[in-house]
S.K.: 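Have a look at this one before I ask anything.
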Amino acid sequence: MNPAELARDFLRSHDPAGADPVEFLRARFDAGLAWVQFPPGLGGLGLPRALQPAVDQVFADAGAPDNNPRRIGIGLGMAAPTILRHGTDEQRKRWLRPLWTGEEVWCQLFSEPGAGSDLAGLATRAVRDGDDWVVSGQKVWTSMAHEARWAILVARTDPSVPKHQGITYFILDMTAPGVDVRPLRQITGEAEFNEVFLTDVRIPDAHRLGEVGEGWLIAQTTLMNERVAIGGAAVPREGGVIGVVADLWRKHPELRSPGLHDALMRLWVDAEAARLTGVRLRQQLAAGQPGPEGSAAKLLFARLNQEISALELELLDEEGLRHDEWTMRRPTVVDFAGRTAGYRYLRAKGNSIEGGTSEILRNIVAERVLGLPQEQRADKDVAWKDLPK
Amino acid sequence: MNPAELARDFLRSHDPAGADPVEFLRARFDAGLAWVQFPPGLGGLGLPRALQPAVDQVFADAGAPDNNPRRIGIGLGMAAPTILRHGTDEQRKRWLRPLWTGEEVWCQLFSEPGAGSDLAGLATRAVRDGDDWVVSGQKVWTSMAHEARWAILVARTDPSVPKHQGITYFILDMTAPGVDVRPLRQITGEAEFNEVFLTDVRIPDAHRLGEVGEGWLIAQTTLMNERVAIGGAAVPREGGVIGVVADLWRKHPELRSPGLHDALMRLWVDAEAARLTGVRLRQQLAAGQPGPEGSAAKLLFARLNQEISALELELLDEEGLRHDEWTMRRPTVVDFAGRTAGYRYLRAKGNSIEGGTSEILRNIVAERVLGLPQEQRADKDVAWKDLPK
Amino acid sequence: MTDLLYSEVEEELRASVRSLLDDRVDLSRLEGPEPVDLKLWRTLAADLGFAGLPVPESAGGAGASWRETAVVMEELGRSLAPVPFLGTSVLATAALLGTEDPLLDALAAGRRTATLAVPLSATDPRWTVTAADGVLDGTITSVVDAGTADVLLVPTAAGLFAVEAADTVRTPVVSFDLSRPLTDVTLGSAPGRLVGDAGPLVARALTAGAALLASEQLGIAEWCLTTTVEYVKTRRQFARQVGSYQAIKHRLADLWVSVTQARAVARYAADCLATDDPDLPVAASLAQAFCSPVAMKAAEECVQLHGGIGFTWEHPAHLYLKRARSNAASFGSATRHRALLAALVDLPA
Amino acid sequence: MTDLLYSEVEEELRASVRSLLDDRVDLSRLEGPEPVDLKLWRTLAADLGFAGLPVPESAGGAGASWRETAVVMEELGRSLAPVPFLGTSVLATAALLGTEDPLLDALAAGRRTATLAVPLSATDPRWTVTAADGVLDGTITSVVDAGTADVLLVPTAAGLFAVEAADTVRTPVVSFDLSRPLTDVTLGSAPGRLVGDAGPLVARALTAGAALLASEQLGIAEWCLTTTVEYVKTRRQFARQVGSYQAIKHRLADLWVSVTQARAVARYAADCLATDDPDLPVAASLAQAFCSPVAMKAAEECVQLHGGIGFTWEHPAHLYLKRARSNAASFGSATRHRALLAALVDLPA
């Protein structure tokens with residue numbers, strides 16, 4: 001039986017109307033209809049990833065409760081594939097179900113003030129103490145930290161070896177003593193992100209993911225999934241910001257001009273080309289793991305979001321000189337196509353920074369896809385503690 | 001008396017009508033009205049460069065013979081300022097007058113197959129033998145070599161020191177035995193450039209410019225003047241290729257479309273901005289020597305020529321699918337705005353390669369103007385002979 | 001040929017303005033109750049005498065020219081100083097210059113301030129206010145510097161009127177550019193004093209605005225470029241200065257080339273305005289069409305190349321981005337000015 | 001959803017075409033007396049049976065689809081093989097498919113060749129030839145593959161006629177793209193055989209041409225990218241591989257991203273053509289609007305990053321540049337296709 005039929009079967013025994021949403025989602029997870037490409041017992045059926053959209057459609061058509069995927073995007077897109085690939089059976093069992101149902105929100109503690117593009121230069125220290133690790137340091141650019149129950153965290157466990165080798169990957173309980181989350185206000189006026197200060201926070205060794213010193217390798221799984229998640233979402237034609245501008249154009253003939261028309265059509269063409277590229281990428285990935293090709297999708301997504309939202313603001317003429325508000329807010333859901341044109345324009349500036357800057361992604365494409373020589377580096381064979389800071 | 005008045009004076013005693021052009025030009029040179037910024041006795045009056053255009057205008061208005069500046073551009077733009085700055089009195093006396101009058105055409109023997117952007121990596125050897133130097137090697141990308149009487153040449157005189165230190169600057173007699181000029185056909189089908197093979201060519205030491213080992217430094221004078229010459233010519237509004245496209249647009253309403261119109265106006269704006277930039281640059285340079293700022297003009301010139309000629313071809317629609325001829329020709333005058341649209345499009349591709357690639361010019365701007373760190377290099381402190389080839 | 005360089009006098013003027021602004025501009029006030037710094041304005045306008053640079057000494061001004069005004073605009077762009085220079089010293093002054101209106105003297109001396117009551121996005125004179133017997137009714141949206149102005153110059157079909165701002169209802173707007181507050185102005189039978197024929201006076205003011213805003217965009221672009229170059233020289237990633245990476249170097253080199261062009265174009269517009277050159281309409285539209293994209297590009301590169309910190313509210317880059325973007329919609333977008341240019345240089349669509 | 005990948009059959013087809021072309025294409029013939037390689041064409045068309053890929057086996061074809069034809073176009077772009085595939089296997093075949101015209105069988109078997117007698121730049125059916133009682137008069141300029149064609153399909157208001165090429169006057173044109181000869185065709189009372197209504201048949205052929213030329217542009221872009229990447233890995237300047245400079249790396253990365261997009265777009269157009277998808281007009285215009293700029297960019301980067309050698313006639317880069325540029329004007333420029341798209345997706349000017 002194909003999984004869409006299984007979903008219809010499931011709905012016959014689980015009436016979505018009036019069901020407790022969490023109970024319903026737990027049951028769906030246990031039926032293997034959460035993410036069919038995951039193994040049985042962990043929300044899936046071990047089937048190709050390509051079969052999932054049909055399942056989601058069945059549930060959506062039935063008006064079933066969903067897990068608010070935007071709110072738990074970091075858990076779904078980054079933590080889950082990493083835990084699946086590198087976690088123990090116990091860790092998978094513990095974390096994947098409440099992650100998927102949305103009962104537990106996740107955040108990501110990777111970037112630091114001194115380690116942005118150069119993530120492997122991170123300075124947050126984790127020192128072994130009995131069955132625990134004691135962690136201290138500062139993380140930035142952390143979305144959802146103020147809502148999160150758990151974090152994926154990379155920290156330095158051995159400063160005496162070259163920087164890529166001394167990093168270990170942990171799962172951090174965000175409610176643990178010593179975790180201090182402070183809002184970090186962005187260009188949009190909102191504090192979507194946070195700074196997270198860690199002061200002698202204790203993490204049980206059982207919450208370590210993978211081996212000590214393997215953190216950099218494991219982080220690659222997270223990052224490649226992040227880039228596909230950011231750039232590769234399945235959208236229909238005119239999905240995303242291009243649809244917003246196209247609608248504005250259709251509804252407001254008074255804003256049109258010939259020069260803007262060609263600019264609009266250029267972006268429409270680019271957006272549709274990027275969309276088809278995403279479709280093709282997902283067809284390629286249907287069976288396998290994301291590789292460096294996901295970087296292309298994220299590069300395109302950032303550039304298009306920026307150019308399209310700039311055109312939208314120009315199109316709005318006088319209205320583009322005004323804004324709704326600059327109050328500092330704490331959003332819990334990020335919607336690149338939401339709110340006002342001014343917000344979209346500003347928020348899009350982050351798309352080429354978050355999840356790997358466009359510069360780093362171009363390096364990745366050049367080196368890993370095209371096989372061009374790596375940048376000359378002075379930091380590869382030196383102990384991290386001896387690097388100039 | 002200002003030099004324009006001197007020119008009018010000169011014309012009263014030298015009737016341009018019916019005069020022997022060479023005699024007329026020699027007399028003009030001797031009157032200091034060739035290039036007023038040059039010293040008296042060398043064709044000038046030691047006056048600001050900014051006064052020259054008015055002088056040229058007086059002669060043009062009188063229908064006086066000119067020196068066909070396009071044909072002798074390399075002499076005027078590159079050899080002359082270098083000889084003036086680095087030559088002995090005797091050298092200046094010998095070469096500047098026939099250079100300016102056009103009696104002697106000059107070419108430039110700098111680039112080599114293995115030393116393009118990396119000019120200082122050149123391999124042409126010059127070995128001292130009595131009062132002569134014996135030179136062997138291969139030069140490329142040499143325009144006008146088949147017409148030239150003299151060449152400016154850089155050659156390696158000491159392979160045992162780092163590459164920038166072992167180069168010496170010479171004046172080469174193109175009629176000397178061992179000079180073999182072979183046409184090098186370009187993308188346009190023409191052989192505007194040449195390969196020049198030098199086999200045991202003897203150059204008298206008296207034809208060395210500057211000290212032994214100073215060649216790289218002296219070549220900078222040539223190159224900076226070359227870039228100003230390429231990018232910085234004084235043109236009226238719609239001078240150059242933008243004027244060609246604008247005229248085409250005006251004369252052929254049937255070729256117009258709204259999308260092309262905005263593209264045309266963008267390029268018109270860019271071209272006019274570049275033109276004003278050139279005007280401002282010349283106002284800055286009126287007294288001094290060209291610096292790295294000339295690189296900006298050349299960068300702009302290359303990009304604009306390429307974009308504008310591409311637009312012209314697109315505008316021509318079906319006509320742009322056809323060409324006039326691909327016969328190999330040997331032009332003696334290069335006119336970036338001449339011949340057909342297809343020729344202009346193809347010839348413009350060379351503008352970002354000749355006289356320093358756009359990549360090298362960006363490096364120069366970044367390092368010398370903005371003060372950003374130099375590229376990491378493995379070739380600075382190593383003897384040239386020990387470098388990997 | 002037009003002089004596109006800065007004279008010694010202009011360089012001295014720049015030095016004194018920059019030294020004042022370096023000392024006194026405090027961008028933290030932008031979210032406070034009084035974003036506009038009227039104390040700084042008094043120093044600049046009255047004490048240093050920069051309110052009426054192009055106004056003849058006979059009319060109470062400094063007897064300089066729009067070229068010097070353009071230099072002040074560059075410095076205001078560079079500092080984002082929240083002062084009403086654009087409204088009073090550019091728009092209102094340009095509208096009144098040559099009218100012999102008594103208000104000009106008060107503006108030039110910095111005793112009073114005014115602005116032109118049109119939407120900041122306007123490219124040509126349009127009327128949304130009616131006048132009957134010197135009594136004005138109607139609304140004008142998105143007026144620059146109206147919040148602190150003493151007098152509003154209100155265009156109507158019956159002429160340009162001077163209206164005491166206190167006689168109008170002024171509603172602050174949340175502007176996209178925090179450092180340049182906008183105001184919606186409603187006139188409910190406010191009394192006005194006729195200044196002259198609105199069409200030519202407003203057109204002149206808008207042309208002056210367009211021509212000089214290019215200098216402000218130049219100042220913004222220069223700040224962004226300089227700040228970014230300094231940052232990439234100090235910031236290290238992978239044990240190397242970020243500014244040592246060639247892709248970054250080439251982008252900054254390209255940006256420097258663009259800024260170099262913007263300087264020539266902005267100078268040309270200022271000079272044409274100062275000399276009332278017949279090429280002024282071309283120069284002003286060229287300036288708007290060219291300098292706005294450069295300023296936006298510079299601000300965008302500034303945010304991007306500062307990485308995470310450039311995306312935060314705590315770094316000033318975002319204020320420059322917002323100013324550059326709003327300027328790009330002020331007195332007409334680049335696209336609109338390209339269309340205007342097409343008509344001026346006989347390249348019809 | 002449309003399948004945008006290459007099937008195993010398609011990859012096998014590609015391998016056999018590439019192996020043939022790697023062996024046999026000799027671009028030095030382009031300046032010789034017979035630029036078109038009819039011997040190579042016979043191998044490709046008749047021996048390997050690739051002349052009539054989308055033609056049903058019942059009509060003498062291979063019974064494959066336009067998807068496979070698109071793969072051949074990619075390889076022809078990659079090699080610039082001088083064979084009349086575009087004229088006979090795309091344009092003429094698309095015009096005749098479904099007409100049950102007997103010529104189709106001969107074309108599909110590679111026994112004869114034909115082309116559509118329209119200017120290569122055409123985007124919609126227009127008539128410059130008149131027909132009266134089956135006798136045709138008039139001139140058509142810039143016809144692709146007409147120099148070697150046996151039959152010309154000539155559109156007139158009275159219908160599409162098959163005309164023996166030998167009955168016409170064919171004047172070779174110096175084409176900008178040396179590897180794709182064009183011909184001016186004059187019909188002086190040449191006899192024609194009516195094939196069908198010209199409007200829909202020509203429109204179908206031009207749509208097929210536009211949809212499939214995108215695959216040729218993709219092949220060109222891939223060759224240019226691959227060749228350039230290889231070159232910058234071996235060429236050294238300043239004692240470093242040119243490909244180790246970050247500015248070069250980033251440009252090639254951006255180009256790779258564009259080529260990746262072009263592949264998805266070209267595949268989409270080929271699939272829509274193969275399945276007669278209602279989205280075909282959008283897919284074809286999108287393909288032309290997107291893939292041509294990518295191919296031109298790739299060829300331009302190929303010339304530039306090869307430096308001096310890339311600017312010479314002895315390196316093949318210039319041929320790819322000329323083909324990419326001419327393709328960009330074939331069946332409508334990117335600008336024109338953006339305008340067509342605007343109407344198709346309800347975004348009026």
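Letters A, B, ... are given to chains in the order of the sequence lines, protein chains preceding strands, and every chain is numbered from 1.
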S.K.: Could you walk me through whether Arg236(D) and Asp379(B) pass salt bridge (Lys or Arg N to Asp or Glu O under 4.0 Å), step by step?
M.R.: CA-CA 11 Å; Arg236(D) 285 172 175 272; Asp379(B) 62 344; over 6 Å; no

S.K.: Quick check on Ser244(D) against chain B: is it the side chain, the backbone, both or neither that has a heavy atom closer than 4.5 Å?
M.R.: neither

S.K.: Check whether Ala191(B) gets within reach of chain D through its side chain, its backbone, both or neither, counting any heavy atom under 4.5 Å.
M.R.: neither

S.K.: Assess whether atom CZ of Arg250(B) is packed by more than 12 heavy atoms of other residues, nucleotides or ligands within 6.0 Å.
M.R.: yes

S.K.: With respect to chain D, which residue among Arg185(B), Lys163(B), Arg362(B), Glu318(B) yields the maximal number of heavy-atom pairs within a distance under 4.5 Å?
M.R.: Arg185(B)

S.K.: When you compare the side chain of Thr188(B) with that of His318(D), does any pair of heavy atoms fall below 4.5 Å?
M.R.: no

S.K.: When you measure from the side chain of Gln237(D) to the backbone N and O of Leu119(B), does any donor-acceptor pair fall under 3.5 Å?
M.R.: no

S.K.: How long is the straight-line distance from OG of Ser142(D) back to CG of Leu321(B), given to the nearest 0.5 Å?
M.R.: 6.0 Å

S.K.: Using 4.0 Å as the upper bound for N to carboxylate O, is an ion pair formed by Asp184(D) and Arg322(B)?
M.R.: yes

S.K.: Is chain D contacted by the side chain of Lys380(B), its backbone, both, or neither, given a heavy-atom distance below 4.5 Å?
M.R.: neither

S.K.: Could you look at Leu305(D) and say if it's the side chain, the backbone, both or neither that has a heavy atom under 4.5 Å from chain B?
M.R.: side chain

S.K.: Got a second to check how far Leu315(B)'s CG is from Thr335(D)'s OG1, nearest 0.5 Å?
M.R.: 9.5 Å

S.K.: Among Asp317(B), Val140(B), Leu313(B), who wins on heavy-atom pairs under 4.5 Å with chain D?
M.R.: Leu313(B)

S.K.: Is the number of heavy atoms from other residues, nucleotides or ligands under 6.0 Å of Gln220(B) CD greater than 12?
M.R.: yes

S.K.: As an exercise, state the distance from CD1 of Ile187(B) to CG of Leu321(D), rounded to the nearest 0.5 Å.
M.R.: 5.0 Å

S.K.: At what distance, to the nearest 0.5 angstrom, does CD of Glu31(D) lie from CH2 of Trp326(B)?
M.R.: 9.5 Å

S.K.: Checking heavy atoms, do the side chain of Arg235(D), its backbone, both or neither come under 4.5 Å from chain B?
M.R.: side chain

S.K.: Who wins among Lys349(B), Gln306(B), Glu325(B), Glu375(B) for the most heavy-atom pairs under 4.5 Å with chain D?
M.R.: Lys349(B)

S.K.: Hey, which of Ala247(D), Ala328(D), Ala122(D), Gly308(D) has the most heavy atom pairs under 4.5 Å with chain B?
M.R.: Gly308(D)

S.K.: For Arg338(D), which atoms come within 4.5 Å of any heavy atom of chain B: side chain, backbone, both, or neither?
M.R.: neither

S.K.: Mind checking whether Val242(D) and Glu359(B) have side chains closer than 4.5 Å, heavy atoms only?
M.R.: no

S.K.: Counting only non-hydrogen atoms closer than 4.5 Å, does Gln246(D) touch chain B with its backbone (N, CA, C, O), its side chain (CB onward), both, or neither?
M.R.: neither

S.K.: Are more than 12 heavy atoms from other residues, nucleotides or ligands located less than 6.0 Å from atom CG of Asp381(B)?
M.R.: no

S.K.: Where the side chain of Asp118(B) meets the backbone of Phe238(D), is there a donor-acceptor pair that is under 3.5 Å apart?
M.R.: yes

S.K.: Just checking, any donor-acceptor pair under 3.5 angstrom between side chains of Gln186(B) and Thr312(D)?
M.R.: no

S.K.: Hey, mind stepping through Phe311(D) and Arg347(B) against side-chain contact (heavy atoms from CB on, under 4.5 Å) and telling me if it holds?
M.R.: CA-CA 9 Å; Phe311(D) 191 67; Arg347(B) 184 61 187 82; 3.9 Å; yes

S.K.: What residue in Ser117(B), Ser358(B), Gly259(B) has the most heavy-atom pairs under 4.5 Å with chain D?
M.R.: Ser117(B)

S.K.: Less than 4.5 Å to any heavy atom of chain B: does that hold for the side chain of Val303(D), its backbone, both, or neither?
M.R.: both

S.K.: Can you tell me which portion of Asp324(B) sits under 4.5 Å from chain D's heavy atoms? Options are side chain, backbone, both or neither.
M.R.: backbone

S.K.: Select one option (side chain, backbone, both, neither) describing which atoms of Ile248(D) are under 4.5 Å from chain B's heavy atoms.
M.R.: side chain

S.K.: Between Leu184(B) and chain D, which part of the residue has a heavy atom less than 4.5 Å away: side chain, backbone, both or neither?
M.R.: side chain

S.K.: Sort out for me which of Glu300(D), Gln304(D), Arg240(D) touches chain B most, counting heavy-atom pairs under 4.5 Å.
M.R.: Gln304(D)

S.K.: Look up atom NE2 in His323(B) and atom CG in Leu182(D), then write down how far apart they are to the nearest 0.5 Å.
M.R.: 13.0 Å

S.K.: Quick check on Leu120(D) against chain B: is it the side chain, the backbone, both or neither that has a heavy atom closer than 4.5 Å?
M.R.: both

S.K.: So for Arg251(D), is it side chain, backbone, both, or neither that comes closer than 4.5 Å to the heavy atoms of chain B?
M.R.: side chain

S.K.: Please assess Arg325(D) against Glu314(B) for the test salt bridge (Lys or Arg N to Asp or Glu O under 4.0 Å), listing each intermediate value before the final yes or no.
M.R.: CA-CA 9 Å; Arg325(D) 176 24 246 176; Glu314(B) 181 173 359; over 6 Å; no

S.K.: Minimum heavy-atom separation for Ile353(B) and Gly307(D), please, with both atom names.
M.R.: CD1-O, 3.6 Å

S.K.: Once you round to the nearest 0.5 Å, how far does CG of Leu346(B) lie from CZ of Phe176(D)?
M.R.: 4.0 Å

